[in-house]
Amino acid sequence: MATFWWGPARGPAPVGYQPLVSSGWYPTGARGAEGRLRHYASRFPVVEADSTVYALPSERVSALWAERTPEGFVFDVKAFALLTGHGARVGALPADLRPPGLHPGAWVRKSQLSADAVTELWQRFTAGVAPLRGAGRLGTVLFQFSPWFRPGARAREYIEECQERAGTPIAVEFRHPGWLTPDRVAETAGFLRERQIPLVAVDTLQGLPDSVPPVAEVTAPGLAVVRFHGRNPQWGTGSKEDRFRHHYTRTASGTTTPGTN
């Protein structure tokens, strides 16, 4: 199985990550979106597509991503916010799927949509990444579940639904600490292991009521994934240099690379 280096997956930062753009790492002539991606793909084998959290992926954009990257390069794509228990701006939804009477700037949750609209969301998400899948560029869809996604039978059923509907390998990240408490971690890991779904553990700041335990469990063959961001200065400590020094993703094989988010 492929090694996953999350946030960004196997590179030092998302292609358009502003500190990277302004650092001078991109050569002259590679400052636009296309140039950055081509240069990035010449140095790293994979990148995380984060924009798909905030809006449904576009088939046109996915096709351009596939065209601009070499064979063997892959995109690990984050699932759209409404599919992970988060809210989304009404304006981020296709016009025909927006709940009536809401301002485009208002927030909406999946529970406010009809069953038909939710099914259509799934279909448009999978259609949006289809060019990547068809070109062999789609790695994994990461479901970064919200802090309100509590452990339980219904939540486990929904993870199974996500695995089925995604149509491609998925990984999961929990932001509700209940999934990884000492009395539940074995159950959570066992559930994911049976389905060969990688668990993405998060090194968040500890000691807070919603701190997620930094549990690294191998739930897919030969793979453990940890995203270290508890030392990010936006969470309280460290310099800009610390952010790049401390944000690492470590696989079961011991490989490390800088990461963000």
request  = Give the ring-plane orientation class for Phe145 versus Phe174, where under 30° counts as parallel, over 60° as perpendicular and anything between as tilted.
outcome  = parallel
ask   = Can the positive tip of Arg175 be found less than 6.0 Å from the middle of the six-membered ring of Trp148, inside 45° of the ring normal?
value = no
inquiry  = When you compare the side chain of Glu217 with that of Arg193, does any pair of heavy atoms fall below 4.5 Å?
reply    = yes
inquiry  = With side-chain contact (heavy atoms from CB on, under 4.5 Å) as the criterion, how do Val74 and Leu138 come out once you've worked through the C-alpha distance, each side chain's angles and the decisive distance to 0.1 Å?
reply    = CA-CA 5 Å; Val74 297; Leu138 182 60; over 6 Å; no
ask   = CZ/Phe73 to OG/Ser42 distance, rounded to the nearest 0.5 angstrom?
value = 9.5 Å
inquiry  = Is it the case that the side chain of Asp76 and the backbone of Thr140 share a donor-acceptor pair, with hydrogens and angles ignored and the cut-off at 3.5 Å?
reply    = yes
key: Contact check, side chains of Pro177 and Pro213, non-hydrogen atoms, under 4.5 Å   = yes
inquiry  = Please check this pair: side chain of Thr126 against backbone of Ala166, looking for a donor-acceptor N/O pair closer than 3.5 Å.
reply    = no
query = Do Thr69 and Arg137 have side-chain N/O donor and acceptor atoms under 3.5 Å apart?
reply = yes
inquiry  = Go through it in stages, so that I can follow the logic: the residues are Leu56 and Leu121, the test is side-chain contact (heavy atoms from CB on, under 4.5 Å), and I'd like the CA-CA distance, side-chain angles, deciding distance and then a yes or no.
reply    = CA-CA 8 Å; Leu56 289 170; Leu121 271 182; 3.7 Å; yes
Carboxylate-amine/guanidinium contact Glu34 Arg38, below 4.0 Å = yes
message = Within this structure, what is the CD1-CG distance for the pair Ile159 and Leu192, rounded to the nearest 0.5 Å?
response = 6.0 Å
task = To the nearest 0.5 angstrom, please state how far the CZ atom of Arg124 sits from the CD atom of Glu59.
result = 10.5 Å
Main-chain N/O of Arg60 paired with Ser58 side-chain donor or acceptor, under 3.5 Å = yes
inquiry  = Under 4.5 Å between side-chain heavy atoms, counting indirect links through other Ile/Leu/Val/Met/Phe/Trp/Tyr residues: same cluster for Val129 and Leu64 or not?
reply    = no
request  = State, with a plain yes or no, whether a side-chain heavy atom of Pro99 is found less than 4.5 Å away from one of Leu93.
outcome  = yes
ask   = Should the ring pair His39 and Trp25 be called parallel, tilted or perpendicular, given that the plane angle runs from 0 to 90° and is split at 30 and 60?
value = perpendicular
note = In short, Ala81 meets Ala88 closest at the heavy-atom pair CB-CB, 4.5 Å
ask   = Step by step, would you call Glu187 with Arg156 a salt bridge (charged side-chain N to carboxylate O under 4.0 Å, His left out)?
value = CA-CA 11 Å; Glu187 178 184 354; Arg156 291 193 298 271; 3.1 Å; yes
key: Stepwise side-chain contact (heavy atoms from CB on, under 4.5 Å) check, Trp65 with Leu37   = CA-CA 8 Å; Trp65 286 350; Leu37 179 56; 3.7 Å; yes
inquiry  = Side chains of Asp183 and Thr181: any donor to acceptor distance under 3.5 Å?
reply    = yes
message = Please find the pair of heavy atoms, one from Gly178 and one from Pro151, that lie closest to each other, and give the distance.
response = C-CG, 3.8 Å
request  = For residues Thr219 and Phe191, determine if any side-chain heavy atom of one lies less than 4.5 Å from a side-chain heavy atom of the other.
outcome  = no
ask   = If you take all heavy atoms of Arg133 and Gly167, which pair is closest and at what distance?
value = NE-O, 3.6 Å
ask   = Would you say Arg36's side chain and Ala30's backbone share a donor-acceptor pair under 3.5 angstrom?
value = no
message = Taking Arg195's backbone N and O only, do any of them form a donor-acceptor pair with Gln163's side chain (distance below 3.5 Å, no angle check)?
response = yes
message = Check whether Thr52 reaches the backbone of Val77 with its side chain - one donor and one acceptor, N or O, closer than 3.5 Å.
response = no
ask   = Which value, rounded to the nearest 0.5 Å, describes the distance between Leu83 atom CG and Ser146 atom OG?
value = 12.0 Å
ask   = Honestly curious: do Phe143 and Val53 fall in one hydrophobic cluster under the side-chain, below-4.5 Å linking rule?
value = no
ask   = Is the closest side-chain heavy-atom distance between Pro147 and Asp210 below 4.5 Å?
value = no
task = Specify whether Phe149 and Trp179 have parallel, tilted or perpendicular ring planes, treating 30° as the upper limit for parallel and 60° as the lower limit for perpendicular.
result = parallel
inquiry  = Any side-chain to backbone donor/acceptor pair from Gln206 onto Val212? Under 3.5 Å, distance only.
reply    = yes
task = Would you name the heavy atoms of Ala79 and Thr84 that are closest together and state the gap between them?
result = CB-CG2, 3.9 Å
Test item: Gln112 side-chain N/O and Arg109 main-chain N/O as donor-acceptor pair under 3.5 Å = yes
ask   = Shortest non-hydrogen contact from Leu82 to Leu113?
value = CD1-CD1, 3.9 Å
query = Can you tell if the side chain of Leu142 reaches within under 4.5 Å of the side chain of Glu173, non-hydrogen atoms only?
reply = yes
query = Mind checking whether Phe125 and Trp122 have parallel, tilted or perpendicular rings, split at 30° and 60°?
reply = perpendicular
query = Taking atom CD1 of Ile170 and atom CD of Gln196, what is their separation to the nearest 0.5 Å?
reply = 12.5 Å
query = Ala66 and Leu132: which non-hydrogen atoms are nearest, and at how many Å?
reply = N-CD2, 4.1 Å
request  = Mind running side-chain contact (heavy atoms from CB on, under 4.5 Å) on Lys78 and Val141 for me, showing each step along the way?
outcome  = CA-CA 5 Å; Lys78 281 188 176 181; Val141 176; over 6 Å; no
